[in-house]
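Reminder, nothing fancy here: chain letters follow the sequence lines and each chain counts from 1.
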There are 2 protein chains.
Amino acid sequence: MSQASYRTIQTEVRRRIQSREWPAGQIIPSEVELAREFDCARATINRALRELAQTGLLDRRRKAGTRVSLNPTRKATLDIPIIRLEVENRGQTHRHQIIAREHLPVPDHLAARMNAPRDAQMLHLKTLHLADDQPFLFEDRWINPTTIPDILNAPLDDISANEWLVQNVPISRGDITLTAQPATENDAGTLDVPSGTALFVIERLTWIGDSAVTSVRLAYAPGYQLSTQI
Amino acid sequence: MSQASYRTIQTEVRRRIQSREWPAGQIIPSEVELAREFDCARATINRALRELAQTGLLDRRRKAGTRVSLNPTRKATLDIPIIRLEVENRGQTHRHQIIAREHLPVPDHLAARMNAPRDAQMLHLKTLHLADDQPFLFEDRWINPTTIPDILNAPLDDISANEWLVQNVPISRGDITLTAQPATENDAGTLDVPSGTALFVIERLTWIGDSAVTSVRLAYAPGYQLSTQI
DNA sequence: CAGTGGTCTAGACCACAAG
DNA sequence: TTGTGGTCTAGACCACTGG
């Protein structure tokens, strides 16, 4: 093995794990030994193994060594695209309608989660996104104008709040929750489905430092699916 | 800035992006320039920026340079744990019941997706997972004994197929789909919910090389949510 | 304590693609 | 053509932690 490339090393390591040459739970040779075997620098081995550990295939600990994961918690990466691009990537045309736009005191449960004072005034937006003029998803969003004063001047009729925020607010952190929910009366009327229909719902709460930027609930029309690979 | 660490560099780069010092879409200095500024080796800058690019914050292209992503498709990492651990991590007790276990010709639509001949015989398992003796999720799984002959000897009453497969089959690839579905009659009876209830459903198809290992549908009881962060 | 992975360096060559 | 990121090296020191 005179080939030295972190990719070829990764491939070979995967092969040895899949062939049970290195069974689950077993310690594999140290970086120094592997560097000797593959005739390459230790840094190359390190990169190969470090990346495999990031995907959950290996467990690494100083002194203890590197072992094949016993319970490989597989990690899947979800892409969170802008809604407009999500629609356009399906080859459909995106359009959005603002259904409501008002300043209201934020509901208590949101105030708590957003680390805001009770009855804080926020911008509340309800937006329907359409794909080829069919309802695609219903967006219910609260935006904290204390954190994002510019939002008050944003041209939200032309560019959806989703897109404006992604492009103008460099968030530092976000909490995401995926659930299935029965359509509320509100959902049902907006998406034009029977009340109680099973909807795929994504809720996100995003932050700049310790200041909440926006809390949003995205209710997708039936048939939506989120796909990924491991 | 005499500190040289890829982590401190990442923090500083994030700060500059969030503060708009480096606006979205703009080219940032080259690795050589940053190495000079931070007084460190180029490899250190490379690692810092490479990892940020993996998260979608930066776009890098040879010769074109590194720029702040214009439409940062945020990437969230989902952990796919073993069901037993998922339950136990909530502080609940896990138990499973095998509801059906039979060899059947696989349905046509699955045969196609699994790259198997029509009417191929597969092991079909229906399993109910319980958390503190309450229905937690209903697992409907097809296992390809051509790929996994050992499955026929597995003690599936003691250890769920989910867990046995994770620990014994080093898969190379998996397709995952997340959806919301109304409970079928079958789901409803098993999970003890009304038919039509909104259920969170994960479907997975996993592979060793080009051979399908298993196709599984996990229907979670109402109230389940999948959480992550970005 | 000592062995392992974690990180950094200074330098080098290369692959790619923008101009 | 040429500047950029992509990768590799040989060596070094360090941090952590198992025995």
Side-chain angles (χ1 to χ4, degrees), chain A residues 1-14 16-17 22-73 75 77, chain B residues 1-14 16-17 22-73 75 77:
Chain A
M1 183 69 63
S2 65
Q3 295 272 13
S5 149
Y6 81 99
R7 288 187 179 282
T8 61
I9 291 167
Q10 287 179 341
T11 302
E12 174 61 12
V13 169
R14 284 186 205 275
R16 291 187 189 181
I17 292 174
W22 289 346
Q26 189 169 98
I27 299 275
I28 74 173
S30 73
E31 292 190 351
V32 173
E33 291 173 286
L34 289 174
R36 200 161 37 229
E37 177 191 342
F38 287 98
D39 188 26
C40 67
R42 183 167 77 92
T44 304
I45 300 289
N46 180 275
R47 178 165 180 191
L49 299 188
R50 177 161 35 85
E51 290 189 359
L52 290 178
Q54 275 178 351
T55 73
L57 190 63
L58 298 174
D59 284 331
R60 318 194 78 200
R61 288 210 316 279
R62 282 163 157 125
K63 168 71 179 175
T66 299
R67 66 176 63 234
V68 181
S69 290
L70 251 187
N71 295 136
T73 291
K75 299 187 196 294
T77 303
Chain B
M1 182 70 61
S2 65
Q3 296 273 11
S5 148
Y6 82 99
R7 289 187 178 282
T8 61
I9 291 167
Q10 286 179 342
T11 303
E12 174 63 12
V13 169
R14 284 186 204 276
R16 291 186 189 182
I17 291 173
W22 289 346
Q26 190 170 99
I27 300 274
I28 74 173
S30 74
E31 291 189 353
V32 173
E33 291 173 286
L34 289 174
R36 201 160 38 227
E37 177 192 341
F38 288 97
D39 189 25
C40 69
R42 182 165 80 93
T44 304
I45 300 289
N46 180 275
R47 178 167 180 189
L49 299 188
R50 177 161 34 86
E51 289 189 359
L52 290 178
Q54 275 178 351
T55 73
L57 191 63
L58 298 174
D59 284 331
R60 319 193 76 199
R61 289 213 311 280
R62 283 168 159 118
K63 168 71 179 176
T66 299
R67 66 177 63 232
V68 181
S69 289
L70 204 45
N71 294 137
T73 291
K75 302 195 194 277
T77 302

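When the side-chain nitrogen and oxygen atoms of A:S5 are compared with OP1 and OP2 of D:dC8, one or more of them lie within a distance under 4.0 Å. Neither OP1 nor OP2 of C:dT7 sits under 4.0 Å from any side-chain N or O of B:T44. Using a 4.0 Å cut-off, no side-chain N or O of A:T66 falls inside it from OP1 or OP2 of C:dT4. At D:dG3, none of the side-chain N or O atoms of B:S30 fall inside 4.0 Å of OP1 or OP2 (strictly under the cut-off). A:Y6 has a side-chain polar atom (N or O) that falls below the 4.0 Å cut-off from OP1 or OP2 of D:dT7. For D:dT7, neither phosphate oxygen OP1 nor OP2 lies less than 4.0 angstrom from any side-chain nitrogen or oxygen of B:N46. Contact between the side-chain N/O atoms of B:R47 and the OP1/OP2 oxygens of C:dT7 is found at a separation under 4.0 Å.
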(request) Show your working on salt bridge (charged side-chain N to carboxylate O under 4.0 Å, His left out) between A:E31 and A:R50 and close with a plain yes or no. (result) CA-CA 11 Å; A:E31 292 190 351; A:R50 177 161 35 85; over 6 Å; no
(request) Walk me through it: do A:E37 and A:I45 pass the test side chain to side chain contact (heavy atoms under 4.5 Å, CB included)? (result) CA-CA 10 Å; A:E37 177 191 342; A:I45 300 289; over 6 Å; no
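Counting non-hydrogen atoms under 4.0 angstrom, B:R42 reaches a base of the nucleic acid.
Per the geometry, CD1 belonging to A:I27 stands 9 Å off P belonging to D:dG19, to the nearest Å. We find that CD of B:E31 is positioned 15 Å from C1' of C:dA10, with the value rounded to whole Å. Remark: P of C:dA17 and CG of B:D59 are 14 Å apart, rounded to the nearest angstrom. Taking atom CD on A:E51 and atom P on C:dT7, their separation rounds to 13 Å, with Å as the unit. Between the P atom of C:dT7 and the CZ atom of B:F38 lies a distance of 18 Å, rounded to the nearest Å. Atom CG in B:L52 sits about 14 Å away from atom P in D:dG5, given to the nearest Å. The interatomic distance linking B:I45 (CD1) with C:dA10 (C1') rounds to 14 Å, in whole Å. In this structure, A:E33 places its CD atom 7 Å from P of C:dT4, rounding to the nearest Å.
B:Q26 contributes no side-chain N or O that, together with a main-chain N or O of B:P23, makes up a donor-acceptor pair within less than 3.5 Å. In this structure a side-chain-to-backbone donor-acceptor pair under 3.5 Å is present from A:R67 to A:G25.
Distances from the side chain of A:R62 to the nucleotides D:dG6, C:dG6, D:dA10 place C:dG6 closest. Comparing C:dT7, C:dT9, C:dC13 against the side chain of B:C40 picks out C:dT9 as the nearest. Side-chain proximity of B:R50 to the nucleotides D:dT7, C:dT9, C:dT7 is greatest for D:dT7. Comparing C:dG5, D:dA10, C:dT9 by their nearest atom to the side chain of A:R60 picks out C:dG5. You'll find that the side chain of B:K63 is closest to D:dT2, out of D:dC13, D:dT2, D:dG5.
Along DNA chain C, the nucleotide nearest to A:L49 and the one nearest to A:A43 differ in position, and the one closer to the 5' end is contacted by A:L49.
Residues A:T44 and A:S5 approach most closely at CG2-C, 4.1 Å, considering heavy atoms. Nearest heavy atoms, A:P29 versus A:W22: CD-CZ2, 3.6 Å.
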